[in-house]
Amino acid sequence: MPASSLDQVVSLCKRRGFIYPGSAIYGGLANSWDYGPLGVELARNVKQQWWEAMVYRRDDIEGLDSGIILNRKVWKYSGHEGGFNDPLVDNKESKKRYRLDHLLEAQSAATLQKLVELIRMKTKASEIDTAPDKLINGLVHALFDLKSSAGELLTQAKIVDPETDEPGNWTEPRQFNMMFSTQFGVTADEENKVYLRPETAQGIFVNFKHVAETSRRKPPFGVAQIGKSFRNEITPGNFIFRTREFEQMEMEFFIPPPPYAEGERTDDEWHAHWVNERFNWYTDLGVSPERLRKHNHPKEVLSHYSKATTDIEYRFPGSLGFAELEGIANRSDFDLTAHSREVPNNTEARERLKLPPNPDSVENLTFFDQEKKQHIVPWVIEPAVGVARPMLVFLCEAFAIELVDELPEADAKRAGEQLAAYLKSVEKSENLDDGDKKAIVDYGRQLAAMEIGKALPQVSALLELKGATRIELSKKLKGLVDKLIETNYRTVLKLDWRLSPIKVAVFPLKKNEDNIVTLARKVRASLAAHWRTVYDDTGAIGKLYRRQDEIGTPYCVTVDFESLKENTVTVRHRDTMAQERVAIHDLVPFFSRKFSHPAHCREA
RNA sequence: GCGGGUGUAGCUCAAUGGCUAGAGCUUCUGCCUUCCAAGCAGAAGGUUGUGGGUUCGAAUCCCAUCACCCGCUCCA
């Protein structure tokens, strides 16, 4: 049972030190987050698993760590400096904002024709290519060049707001630069202006030749990189899901370009291969395939560099729902061609990819095909993912609130009655939107039909539905449920051990018994040489277990009186709460077996 | 950036415009405790998001601002 609401996970993260709001003591900084003691371990483990799967376990991928700041020309020729600045316009009446090209695409042919005429009148002889595939692009550029009068023309042409189906009152198109800029050197002159990378991929492309030559690689081969990237997102949010500073794990896989001979693996096949590889990475680490899906982007919405893109999406709890986790793009020969000075078929490729010539580069990013006896620009398949998203997925997926003992009959009865009373009150309520009301009642009925002990952990998710807390009884219900959860349930993160921030926790059964404490500390030290191990004695044994459950520690070791005589300890398993007796001198081999193979972590 | 909502202790919540802003949980200290959030005693934790204003008096009313949540444009 994964988390039933994102808030449960967010709350756990803040409470236990996975993730804190950034710059909190100064009132915060919008959508920025700092990773605490446990968060940093989890993030490291996610990156470690990715690196192992992508680099170590394969023999066709190398690693790289390029700069966050690159020569500005990298971004000029990659298309980010121009292409990512999609002009946006606002409808002053409906307050809706649109990307200019998207807005124009939604207009009728007649409206566009009218707009073309208006622009021609305004700019006298200016040429707009009215060929169907170039019209929108031409209009966007023409309008943008017009600056201040463009909004007026849009309004005059009666450009329709897709939301309201009425002609809008439009602002001038405004450019939104997604890249962070800073200065490279102590003076803030224009020539010192540089950008923080919006993706790590370009650092790989510009190093293509270096890596290929120094590691003696030929396509197919890949280069992987993990590092921070920065984008001035228009709408960051949803906890760590979208932030302006974020860490990426990207791999560029270089393959021979088409045409392909009989039996040769094609770009589409490589693309499909990587989609599957990446999908399996998640399921291997414990994500249920039921909550994962692949989503192919329709041609119209593809990025400027992409021939095809497939997203792996995860169904997050609550209102976020299915959202993009990872993108696997077929970037074709776009990037390597863009950064090459001159290569065979250069003109053809540049025309096909709508790329300008590149007199600034000193390199041709090609490999020499011995069979074909010519220089060839490889194609690229790119699986790219942010570190935070898988982290959030693993947390959501591992999160569980479990009944420890059976719920006392009186409490169970009371909870059932409260829930029924609440639902009745919702149905009768008049200050709820019909849709909201239906959503609450439907979910509520579903819970009411369940065994009450299993339903209670989901009541908090029920009360997070829109409008749910507007009902007076919701507070009473929440109060009761919170109390019952606190006493009868345990929160447990059933993380795959490879992801767990702490692998083993060691406790003394009694903290005021010096011999036990000393031995427990010794045991911790011996295990810490191998795995992330902590010692804790600031509570009764039951509390210590629950604490570790909440942060996903797979095993706890307890030193007791018997340990002093027999040199054995209790090992307690997170998922089953089962205990077994293990000799102290056997602990390292014992955990080596447990932590040697992924299957061991799923014995429960 | 726009529209809507929310801001009281680490968390969940109290407090008619009126006494030193309270309670439970958490955290910490001491005692106790032989395996699943036990008990006892104590402590810490707040410029009520921030800054103004109205008032004899503001957590409460008004204005501004900041942050978060839900939508829109973004797509790792």
Side-chain angles (χ1 to χ4, degrees), chain A residues 6-7 10-12 14-17 20-24 26-32 84 86 88-92 94-100 102-103 163 171 174 176 178 198-201 229 231-239 241-243 246-250 295 297 301 303 309 311-313 318-320 323-329 382-390 404-405 460 464 466-467 469 475 478-479 481-483 485-491 507 509-513 516 538-550 556 558 560-562 570 572 577 579:
Chain A
L6 197 58
D7 276 356
V10 174
S11 155
L12 175 72
K14 290 184 185 167
R15 201 171 64 240
R16 300 312 307 271
Y20 312 119
S23 312
Y26 288 111
L29 177 67
N31 299 289
S32 69
F84 263 17
D86 300 309
L88 304 184
V89 291
D90 294 319
N91 182 351
K92 293 179 200 163
S94 71
K95 304 289 183 195
K96 295 287 169 190
R97 171 176 291 175
Y98 300 96
R99 247 172 73 172
L100 182 56
H102 289 176
L103 179 66
E163 196 77 10
T171 63
R174 288 192 294 163
F176 284 71
M178 303 280 285
E199 62 173 14
T200 64
S229 292
R231 292 181 197 172
N232 266 315
E233 297 288 351
I234 306 168
T235 312
N238 281 314
F239 193 39
F241 186 79
R242 177 171 288 118
T243 50
F246 63 108
E247 195 160 26
Q248 288 190 301
M249 305 187 284
E250 293 194 291
H295 173 245
H297 282 213
V301 301
S303 327
T309 298
D311 285 344
I312 295 173
E313 299 183 327
S319 62
L320 189 51
E324 183 192 356
L325 224 191
E326 166 158 1
I328 297 102
E382 174 200 79
V385 61
V387 174
R389 289 189 184 177
V404 178
D405 292 314
S460 58
E464 270 161 34
K466 209 165 158 233
T469 50
K475 279 191 181 169
K478 186 172 179 5
V481 170
D482 282 356
K483 202 169 163 212
I485 296 266
E486 208 163 279
T487 48
N488 298 288
Y489 291 76
R490 66 172 185 146
T491 301
F507 315 133
L509 187 59
K510 281 186 71 177
K511 72 166 164 179
N512 52 2
E513 208 54 58
I516 294 183
T538 59
I541 191 72
K543 179 182 279 190
L544 298 179
Y545 284 147
R546 299 289 169 88
R547 248 186 219 156
Q548 296 301 324
D549 286 345
E550 220 179 15
C556 294
T558 301
D560 56 19
F561 290 94
E562 229 176 301
T570 300
R572 182 260 196 188
M577 299 196 287
Q579 303 188 345

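Chain letters run A, B, ... following the sequence lines, proteins first, then strands; residues in each count from 1.
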K.L.:
For A/L544, which contact category applies under a 4.0 Å heavy-atom criterion: base, sugar-phosphate, or nothing?
P.N.:
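A/L544: no heavy atom of the nucleic acid under 4.0 Å.
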K.L.:
Consider only side-chain N and O atoms of A/T538 and A/R547, and report whether a donor and an acceptor are under 3.5 Å apart.
P.N.:
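A/T538 vs A/R547: donor-acceptor pair found between side chains.
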K.L.:
What nucleic acid atoms does A/Y20 come within less than 4.0 Å of, heavy atoms only: base, sugar-phosphate, or nothing?
P.N.:
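Nothing, no heavy atom under 4.0 Å.
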K.L.:
Under 4.0 Å, counting only non-hydrogen atoms across every strand here, what does A/E250 touch: a base, just sugar-phosphate, or nothing?
P.N.:
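Nothing, no nucleic acid heavy atom in range.
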K.L.:
Atom CZ of A/F241 and atom P of B/C75: how far apart are they, to the nearest Å?
P.N.:
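Interatomic distance, CZ of A/F241 to P of B/C75: 12 Å.
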K.L.:
For B/U34, give the paired nucleotide (Watson-Crick: N1-N3 plus N6-O4 or O6-N4; G-U: N1-O2 and O6-N3; both under 3.5 Å), or none.
P.N.:
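Checking every strand shown, B/U34 finds no partner, since no pair has both distances under 3.5 Å.
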K.L.:
Where along nucleotides 43-49 of chain B does protein come under 4.0 Å, by heavy atom, of base (B) or sugar-phosphate alone (S), with - for untouched nucleotides?
P.N.:
-------
K.L.:
Map A/M577 and A/R15 onto RNA chain B by nearest heavy atom, then report which one ends up closer to the 5' terminus.
P.N.:
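Upstream on the strand: A/R15.
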K.L.:
Give none if B/G51 has no partner; otherwise give the nucleotide forming a Watson-Crick or G-U wobble pair with it, both distances under 3.5 Å.
P.N.:
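Base-paired to B/C63.
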K.L.:
For A/A201, does its backbone N or O pair with a side-chain atom of A/E250 as donor and acceptor, under 3.5 Å?
P.N.:
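Present.
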K.L.:
A/R490 CZ to B/A37 C1': how many Å, rounded?
P.N.:
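Checked: the CZ to C1' distance equals 12 Å.
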K.L.:
Both distances under 3.5 Å, Watson-Crick or G-U wobble: report the partner of B/C68, or none.
P.N.:
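Its partner is B/G5 (Watson-Crick or G-U wobble, both distances under 3.5 Å).
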K.L.:
For nucleotides B/G18 and B/C70, find the distance between their P atoms and express it as a whole number of Å.
P.N.:
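After rounding to an integer number of Å, I get 35 Å for this pair.
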K.L.:
What is the distance, to the nearest angstrom, from the CG atom on A/L100 to the P atom on B/C74?
P.N.:
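Atom-to-atom, A/L100 to B/C74, this comes out as 12 Å.
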K.L.:
Touch check for A/T243, heavy atoms < 4.0 angstrom, all strands: base, sugar-phosphate only, or nothing?
P.N.:
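The residue A/T243 makes base contact.
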K.L.:
Can you check the A/E513 CD to B/U34 C1' distance for me, whole Å?
P.N.:
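The answer, rounded to whole Å, is 10 Å.
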K.L.:
So, the side chain of A/Q248 versus the backbone of A/T200: is there a donor-acceptor pair under 3.5 Å, distance only?
P.N.:
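The answer is yes, because a donor-acceptor pair under 3.5 Å joins these two groups.
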K.L.:
Using atom CD of A/Q548 as one end and atom C1' of B/A37 as the other, report the distance to the nearest whole Å.
P.N.:
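Computing the A/Q548:CD to B/A37:C1' distance gives 13 Å.
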K.L.:
How do A/D311 and A/S11 order along RNA chain B: which one's closest nucleotide is nearer the 5' end?
P.N.:
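Its nearest nucleotide being more 5', the pick is A/S11.
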K.L.:
Does B/G17 have a Watson-Crick or wobble partner in any strand here, with both distances under 3.5 angstrom, and which is it?
P.N.:
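The answer is none; no pair meets the criterion.
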K.L.:
Specify the separation, in whole Å, of atom NZ of A/K510 and atom P of B/C35.
P.N.:
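After rounding, the gap between these two atoms is 11 Å.
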K.L.:
Measure the distance from CG on A/L103 to C1' on B/U73 and round it to the nearest whole Å.
P.N.:
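Spelled out: CG on A/L103 to C1' on B/U73 is 11 Å.
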K.L.:
Mind checking if A/Q248 touches a base, just sugar-phosphate, or nothing, with heavy atoms under 4.0 Å?
P.N.:
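Sugar-phosphate contact only - A/Q248 comes under 4.0 Å of backbone atoms but never of a base.
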K.L.:
Return the nucleotide paired to B/G42: Watson-Crick means purine N1 to pyrimidine N3 with N6-O4 or O6-N4, wobble means G-U with N1-O2 and O6-N3, both under 3.5 Å.
P.N.:
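Its partner is B/C28.
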K.L.:
Show each protein N/O and nucleotides 27-32 of chain B N/O combination with a separation under 3.5 Å, one pair to a line.
P.N.:
residue	atom	partner	partner atom	Å
B/U27	OP1	A/R547	NE	3.3
B/U27	OP1	A/R547	NH2	2.4
B/U27	OP2	A/K543	NZ	3.3

K.L.:
Hey, is the side chain of A/R572 pairing donor to acceptor with the base of B/C35 inside 3.5 Å?
P.N.:
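Counting by modelled atom types and ignoring angles, no donor-acceptor contact under 3.5 Å is found here.
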K.L.:
Verify, without hydrogens or angle tests, whether A/D311 (side chain) and A/E313 (backbone) share a donor-acceptor contact under 3.5 angstrom.
P.N.:
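No, A/D311 side chain to A/E313 backbone: no donor-acceptor pair under 3.5 Å.
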K.L.:
In this structure, how many angstroms lie between the C1' atom of B/C74 and the CZ atom of A/F246, rounded?
P.N.:
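About 11 Å, once rounded to whole Å.
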K.L.:
Just by modelled atom types, is the A/E324 backbone N or O under 3.5 Å from a matching donor or acceptor in the A/R389 side chain?
P.N.:
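The answer is yes, because a donor-acceptor pair under 3.5 Å joins these two groups.
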K.L.:
For B/A23, what is the paired nucleotide under Watson-Crick or G-U wobble rules, both distances under 3.5 Å?
P.N.:
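B/U12 - that is the nucleotide pairing with B/A23, both distances being under 3.5 Å.
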